[in-house]
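Shown next, in structure tokens, is the structure this report addresses.
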There are 2 protein chains.
Amino acid sequence: MLTSVDTDLIRVLADPLRLQIVSLLARETLCTTHLVEETGARQTNLSNHLKVLREAGVVETEPCGRFTYYRLRPEVIESLAGSFADLAATARATAENNTKRACP
Amino acid sequence: MLTSVDTDLIRVLADPLRLQIVSLLARETLCTTHLVEETGARQTNLSNHLKVLREAGVVETEPCGRFTYYRLRPEVIESLAGSFADLAATARATAENNTKRACP
DNA sequence: GACTGACGTCAGCATGGACTGATACTGTCA
DNA sequence: TGACAGTATCAGTCCATGCTGACGTCAGTC
């Protein structure tokens, strides 16, 4: 069942740059400088998007000297993956049962 | 691994109304009139969104007299669910291994 | 303490997307 | 065959969103 929290999270991930950031952070914890290098985005643009991800609770920060490291919160992605898995299962069952509401 | 196809699909689903439509269609095949009733959206707005979903290949139509029934294509949601499951697994492994790139 | 690097914030701008009203087309019925 | 229901398309409007440049703050170095 998709909740309004899921809806907000999907909107956050709907931006190509934010989705790229999340994909990169899924593989390793990176700092802002790394992310600028990997994505090719300008530093301020990247900061804007990291703020969106942070405020959505998708990532959290870890200061390291003057660098700021970002790490993904796996439980957030796991939860969303679970919601989509449920949706997919429901959709498959409906397709197989050919569940169809009568014409009004 | 999230592909650009996934990115486009996530953008399509990022709209609250379209996500609601997809959730409804996951449970049963419905016609436009049903969807107007269930969502409370205006008919032309709903048609606009159904067009977006149709063109993205998320739903397909089935004429039934003067009614148009919409059904979800479960394989599309299954594929997306799989991509998110992979992302979640990668994220969990990274968190557990504490994989962190060195400062530049 | 001055300077530099890292990075976060903000205002301004451009544009893509969502909604609306109008309208056209198709199917059904009396 | 005309009226009506169902639904798709389109143009116009508005605003949310993404990007940029400028700049401020903080940490590290000399």
Side-chain angles (χ1 to χ4, degrees), chain A residues 4 7-25 28-72 100-104, chain B residues 4 7-25 28-72 100-104:
Chain A
S4 63
T7 305
D8 293 339
L9 183 50
I10 295 167
R11 288 178 72 113
V12 163
L13 297 180
D15 179 81
L17 179 53
R18 288 199 293 275
L19 196 59
Q20 186 184 6
I21 292 169
V22 165
S23 296
L24 290 166
L25 292 181
E28 61 190 328
T29 297
L30 299 167
C31 72
T32 317
T33 305
H34 293 137
L35 288 165
V36 167
E37 289 168 1
E38 299 278 347
T39 64
R42 289 177 186 273
Q43 182 271 315
T44 56
N45 187 27
L46 195 77
S47 259
N48 287 332
H49 284 284
L50 285 169
K51 177 177 180 176
V52 173
L53 289 170
R54 196 168 60 244
E55 289 179 350
V58 178
V59 302
E60 56 195 2
T61 59
E62 175 187 321
C64 179
R66 62 186 175 191
F67 298 95
T68 306
Y69 270 81
Y70 284 85
R71 72 172 64 249
L72 203 57
K100 180 178 176 183
R101 193 186 289 188
C103 298
Chain B
S4 64
T7 305
D8 293 338
L9 183 51
I10 294 167
R11 288 176 71 111
V12 163
L13 298 178
D15 179 82
L17 180 52
R18 289 199 292 274
L19 196 59
Q20 186 184 5
I21 293 167
V22 165
S23 296
L24 290 166
L25 293 180
E28 61 189 328
T29 297
L30 300 165
C31 72
T32 316
T33 305
H34 292 139
L35 288 166
V36 167
E37 287 169 2
E38 297 279 348
T39 64
R42 291 177 186 272
Q43 180 271 316
T44 55
N45 187 26
L46 195 77
S47 259
N48 286 329
H49 284 285
L50 285 169
K51 177 178 181 177
V52 173
L53 289 170
R54 195 169 60 244
E55 289 179 349
V58 178
V59 303
E60 55 195 3
T61 59
E62 176 188 322
C64 181
R66 64 186 172 194
F67 297 97
T68 306
Y69 271 82
Y70 283 85
R71 71 172 64 248
L72 203 57
K100 181 177 175 183
R101 191 182 293 187
C103 296

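Letters go in sequence order (proteins before strands), and every chain restarts at 1.
In terms of heavy atoms, A/R11 sits closest to A/R18 at O-NH2, 3.6 Å.
If you check C/dC19, C/dC7, D/dC19 against the side chain of A/N45, the one that comes closest is D/dC19. The side chain of A/K51 approaches C/dT9 more closely than any other nucleotide in the set C/dG8, D/dC10, C/dT9.
Mapping B/S47 and A/C64 onto DNA chain D by nearest heavy atom places B/S47 at the nucleotide closer to the 5' end. Comparing A/A41 and A/G65 by the nucleotide of DNA chain D whose heavy atom lies nearest to each, the residue mapping closer to the 5' end is A/A41. Residues B/P104 and B/L17 each lie close to DNA chain C; by heavy-atom proximity, the contact nearer the 5' end of the strand is made by B/P104.
A/H49 has a side-chain polar atom (N or O) that falls below the 4.0 Å cut-off from OP1 or OP2 of D/dC19. Within the 4.0 Å cut-off from OP1 or OP2 of D/dT29, not a single side-chain nitrogen or oxygen of A/R66 is found. Listed pair B/R54 / D/dT9 meets the phosphate criterion, a side-chain N or O lying under 4.0 Å from OP1 or OP2. Contact annotation: B/R18 side-chain N/O to C/dA18 OP1/OP2 distance is under 4.0 Å. Between B/T44 and D/dC10 there is no side-chain N or O to OP1 or OP2 distance below 4.0 Å. At C/dG8, one or more side-chain N or O atoms of A/Y70 fall inside 4.0 Å of OP1 or OP2 (strictly under the cut-off). Between B/R42 and C/dG21 there is a side-chain N or O to OP1 or OP2 distance below 4.0 Å. For C/dA6, neither phosphate oxygen OP1 nor OP2 lies less than 4.0 angstrom from any side-chain nitrogen or oxygen of A/T68.
Taking atom CZ of residue A/F67 and atom P of nucleotide C/dG5, one finds them 11 Å apart after rounding to whole Å. We find that CG of A/L13 is positioned 16 Å from C1' of D/dT17, with the value rounded to whole Å. The distance between atom CD1 of B/I21 and atom P of D/dA8, rounded to the nearest whole Å, is 11 Å. Distance, B/E37 CD to D/dT7 P: 10 Å, rounded to whole Å. Protein atom CD of B/E62 is 16 Å distant from nucleotide atom C1' of D/dG6, rounded to whole Å. A straight line from CG of A/D15 to C1' of D/dT17 spans 9 Å, rounded to a whole angstrom. Rounded to whole Å, atom P of C/dG17 lies 13 Å from atom CZ of A/R11. Atom-to-atom, CD of A/E55 to P of C/dG8 comes out at 12 Å; the value is rounded to the nearest Å.
Results of the side-chain contact (heavy atoms from CB on, under 4.5 Å) test with B/L30 over B/I21, B/L35, B/V36 single out B/L35 as the only residue that passes.
Side-chain contact check for A/C103 versus B/Y69: some heavy-atom pair is nearer than 4.5 Å. For the pair B/T33/B/F67, a side-chain contact is recorded, criterion being any heavy-atom separation below 4.5 Å from C-beta on. With a 4.5 Å cut-off on side-chain heavy atoms, A/T68 and A/C31 do not count as touching.
For B/Q43 and D/dA8, a side-chain-to-base donor-acceptor distance below 3.5 Å is present, hydrogens and geometry of angles not being considered.
Note on A/N48: a base of the nucleic acid sits closer than 4.0 angstrom, heavy atoms only.
Taking the charged nitrogens against the carboxylate oxygens, A/E62 and A/R71 do have a contact shorter than 4.0 Å, which makes a salt bridge.
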